[in-house]
Amino acid sequence: MNVLAQTEDILKQEIGEAVLKADLAAKEELPQIILEKPKEKAHGDFATNIAMQLARIAKKAPKQIAKDIMEHLDHSKASISKVEIAGPGFINFFMKNDYLGELIPTILKTDENYGKTNTGQGEKVQVEFVSVNPTGDLHLGHARGAAFGDVLCNILAASGYDVEREYYINDAGNQIDQLALSVEARYLQALGENVTMPEDGYHGDDIIGIGEKIKEAYGQEWKEKDRAERLSFFKEYGLQYELKKIEEDLADFRVHFDNWFSERTLYQDKIHDALAKLKDGGFVYEKDDATWLRSTDFGDDKDRVLIKSDGSYTYLMPDIAYHQDKLERGFDKIINVWGADHHGYIPRMRAAILALGYASDKFEVQIIQMVNLFENGEKLRMSKRTGKAVALRELMSDVGIDAVRYFFVTRSNDSQLDFDLDLARSQSNENPVYYVQYAHARICTMLKQAANKGFSFEQDMDPTLLTTEKEVDLLKKLGEFPKTIADAASKHTPHKVTQYVFDLASLLHSFYNAEKVLDEDQPERTKARIALMKAVRITLRNGLRLIGVTAPKKM
RNA sequence: GUCCCAGUAGCUCAGUUGGAUAGAGCAACAGCCUUCUAAGCUGUGGGUCGCAGGUUCGAAUCCUGCUUGGGACGCCA
C-alpha cells in the first residue's frame with residue numbers, strides 16, 4: 001500500500017549493512033539511520049547524515065566514512081541509480097524510482113482508501129473535544145477546537161488507530177444553576193417584567209430566545225408556580241435547548257461525536273469511588289472545612305480543593321472522576337482538546353491521574369490557542385458574557401463551512417490565530433481553500449473532456465511515459481501522501497494535511513500550465529496522463545475529506 | 001511574582017524528533033488566456049530566524065539569561 005515507505009525501509013537496511021560491511025561500527029553501536037528528503041532537488045531523493053553520526057564511533061573523518069559506505073552499497077538491491085557525497089559528509093541518494101510506476105495503479109485501485117495505513121496498529125485513542133458548557137452559543141474559539149479535534153480524529157482513524165470522539169456535557173454544578181436563573185430572568189422579561197439578569201448569568205441572545213419560547217408555549221403559567229419547581233423546569237428546558245443547538249451547529253460544521261458523556265452520571269457513584277481511591281492513597285486532607293487534594297505531591301504548584309466548605313464539589317472533583325472513568329474504559333491514550341484559558345488546569349489534572357495510579361503518558365492535552373477576530377482592520381473582542389462573540393453559526397453562513405474548516409486547520413494549534421473576517425468572506429484567490437478545490441475541479445473538467453473526446457480510461461497505461469519534471473514531481477508527491485497522513489496522525493499535527501493538499505494542488509496547477517493532457521496525436525501519453533490526473537484527483541479528494549472540506553467537481 | 005504558548009520577509013504563517021543556499025500565501029513589480037477552467041501559471045525583489053551567551057562537525061530548532069505580546073494562576077467553571 002505504501003510503496004514509498006517500502007523503498008525507504010529497504011534503503012535504510014542496505015545502508016546499515018554497508019556500514020557493517022565496511023567495518024565502521026559494531027552492530028550494537030549502529031545509530032538509527034535517518035533518511036530525510038532534501039529541500040534541494042539537486043541533493044537527490046533521499047539524504048542521510050549517518051557518516052557524521054559515525055564520526056566519533058569510527059574515529060574517521062565523515063567524508064571518508066561516507067566514501068566507505070558508498071563502496072559497500074548494493075545498488076540494485078536498494079534501487080539506487082546514483083550516490084553522491086556532499087557538503088560535510090551527507091550521502092545523497094538518487095533512486096531509480098521504479099516504485100513510481102506502481103504508484104498510479106495502486107492509487108486507482110485503492111481509490112478512497114489511498115492514504116490509509118496501519119501505523120497506529122489498532123491503538124485505542126479517545127479524543128475529547130469541544131465540550132462547551134451548554135450555556136451559550138459556540139463561538140470562534142470553540143470552532144477552532146472542533147475543527148482541530150475532528151481532523152485529528154480523521155487522520156488517526158485513517159492511520160489505523162481505533163478512535164473514539166467524545167463530548168463531555170457539563171450538565172451539573174453551578175453553571176447550570178446559573179443557566180436556570182438566566183432563563184428565568186429572560187422569561188420574566190419576555191412577560192414584560194422589569195427584572196435584571198443575575199450577576200453571574202449568561203447574557204447571550206440565545207437565552208433571550210429561550211425566554212421567548214417558554215412564554216409562547218406556556219404563557220404566564222411558570223410565573224405563578226413555586227420558584228424551585230420553576231427553576232428546575234427552566235434548568236432542564238434550557239439544557240435541552242442548548243444541547244440540541246450545539247449538536248446541530250456541530251453537525252452542520254460536519255463534526256459528529258461517538259459519545260456524549262453526561263457529567264450527571266458521575267454523581268451516582270463514580271465521584272465517590274474516585275474520592276475514596278484518592279483517600280486510600282493518602283492524598284486527601286481536610287482544612288478550613290474543605291477537602292483538599294495534595295496535588296503538590298505530583299508536581300502541581302499548590303494543593304486543590306475537591307469539596308468546598310459548603311459541601312459542594314469544585315469543578316475538579318467530578319472531572320477527576322470523569323478521567324478515571326475514561327481511563328478505566330481501556331484507552332491506550334486519552335487526548336483532551338482544551339482552550340488556551342485552561343492550560344493552567346493541566347498540572348492538577350495530571351497530578352490527580354498520577355494520584356489515582358495511572359501512567360501520566362496516557363493523558364495528553366492539546367491546547368488550542370486563542371482566535372483573534374479582525375474586521376475592517378480592527379480587532380474584535382470575544383466574550384461570552386457580553387454576548388458579542390461571533391457565533392459559529394453566523395460564521396458558517398457568512399464565510400462558508402469549507403473556508404472556516406480549512407482556515408482553522410491551516411495553522412498549528414499552539415499558535416494564536418488571526419482570523420480576518422473580510423479576507424475569509426472574500427470569494428477570491430486570497431482564500432487558499434479555493435486554490436485546492438480549484439485544482440480538483442480542474443481535473444474533473446479534464447476528465448470529462450477526455451470522456452467526451454473518447455479517450456480511454458483503461459489502467460493499462462504505461463507509467464514510463466511520465467517523464468517530464470512536472471510529472472515526476474507530481475508522482476513523488478502522490479507517493480508521500482500515506483506517510484504524510486501517518487506522520488500527522490502520530491504527531492497530532494492536522495495542519496500538515498492542509499499543507500500537503502496545498503502543495504499537491506500547487507504542483508497540479510504548475511503541471512497544468514506547462515503540459516497538455518489531452519492530445520489526439522499522442523494517444524499513449526494521453527492515456528498515461530489521464531491516469532495521472534485520476535490519481536491526483538483521488539489524492540486531493542481524500543486529503544480534503546480528511547480536513548472535512550468538499551471537493552467540488554466544478555467551480 | 002510563578003507557570004504555559006508565541007516572537008521567522010511589509011502582513012499571515014510553515015519549517016520534516018540538530019543538517020546543505022531558511023520556505024509558502026498575501027501584498028509589490030514584470031510577463032502569460034485563438035489552446036483541457038486565468039479562483040491559474042512563470043519570473044523578480046524582499047531576512048541580524050526577538051536579543052545575548054552556551055552545547056558541537058553543524059542551531060530557526062537543544063540549554064541558560066534577558067526582552068516583547070497573549071493567556072493562566074479561585075472553596076468559578
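Chain identifiers are assigned alphabetically (A, B, ...) following the order of the sequence lines, protein sequences preceding nucleic acid strands; residue numbering begins at 1 within each chain.
Within 4.0 Å (heavy atoms only), A/E480 reaches no atom of the nucleic acid at all. Among the atoms of the strands shown, none is found under 4.0 Å from any heavy atom of A/D303. Counting any heavy atom pair closer than 4.0 Å across all strands shown, A/S412 reaches sugar-phosphate atoms only and no base atom. Among the protein residues, A/H343 comes within range of the nucleic acid bases, having at least one heavy atom under 4.0 Å from a base atom.
Ring geometry for A/F407 versus A/F419: interplanar angle of 30 to 60°, hence tilted.
Residue A/K39 places at least one side-chain N or O closer than 4.0 Å to OP1 or OP2 of B/rA20. Neither OP1 nor OP2 of B/rC75 sits under 4.0 Å from any side-chain N or O of A/K287. Taking side-chain N and O atoms only, A/Y434 has no distance below 4.0 Å to OP1 or OP2 of B/rA39.
Distances were taken from every side-chain heavy atom of A/Y512 (C-beta onward) to each of B/rG71, B/rC73, B/rA38; the shortest belongs to B/rA38. For A/K302, whose side chain is taken as the heavy atoms from C-beta onward, the closest listed nucleotide among B/rC73, B/rU17, B/rC41 is B/rC73. For A/Q416, the listed nucleotide lying nearest its side chain is B/rG69; candidates were B/rC75, B/rG69, B/rA38. Comparing B/rC75, B/rC36, B/rA20 by their closest approach to the side chain of A/W292 singles out B/rC75. With distances taken from any side-chain atom of A/R442 to the nucleotides B/rG74, B/rA14, B/rG40, the minimum falls on B/rG40.
Judged by ring centres under 5.5 Å apart and planes tilted less than 30 degrees, A/H43 stacks against the six-membered base ring of B/rA20. Ring-to-base geometry places A/F90 in a stacked arrangement with B/rA20 (centre distance under 5.5 Å, plane angle under 30°).
Taking atom P in both B/rC49 and B/rA9, the straight-line distance is 10 Å, to the nearest Å. Going from the P atom of B/rU17 to that of B/rG54 covers 27 Å, rounded to whole Å. When the C1' atom is used for both B/rU67 and B/rG15, the distance is 24 Å, rounded to whole Å. Taking the P atom of each, B/rG18 and B/rC76 are spaced 44 Å apart, rounded to whole Å.
No side-chain donor from either of A/S415 and A/Q369 sits under 3.5 Å from a side-chain acceptor of the other.
A salt bridge is absent between A/K333 and A/D361: the closest approach of a Lys/Arg side-chain nitrogen to an acidic carboxylate oxygen does not fall below 4.0 angstrom.
B/rC11 adopts an anti glycosidic conformation, its chi angle falling more than 90° from 0.
Remark: B/rG10 base-pairs with B/rC26. Criterion, Watson-Crick or G-U wobble with two distances under 3.5 Å. Nucleotide B/rC62 forms a Watson-Crick or G-U wobble pair with B/rG54, both donor-acceptor distances falling under 3.5 Å.
In this structure, A/F46 has its ring center at least 6.0 angstrom away from the ring center of A/F94. Aromatic rings of A/Y322 and A/F261 (six-membered ring for Trp) have centroids within the 6.0 Å cut-off, being under it.
A straight line from CG of A/D487 to C1' of B/rA14 spans 14 Å, rounded to a whole angstrom.
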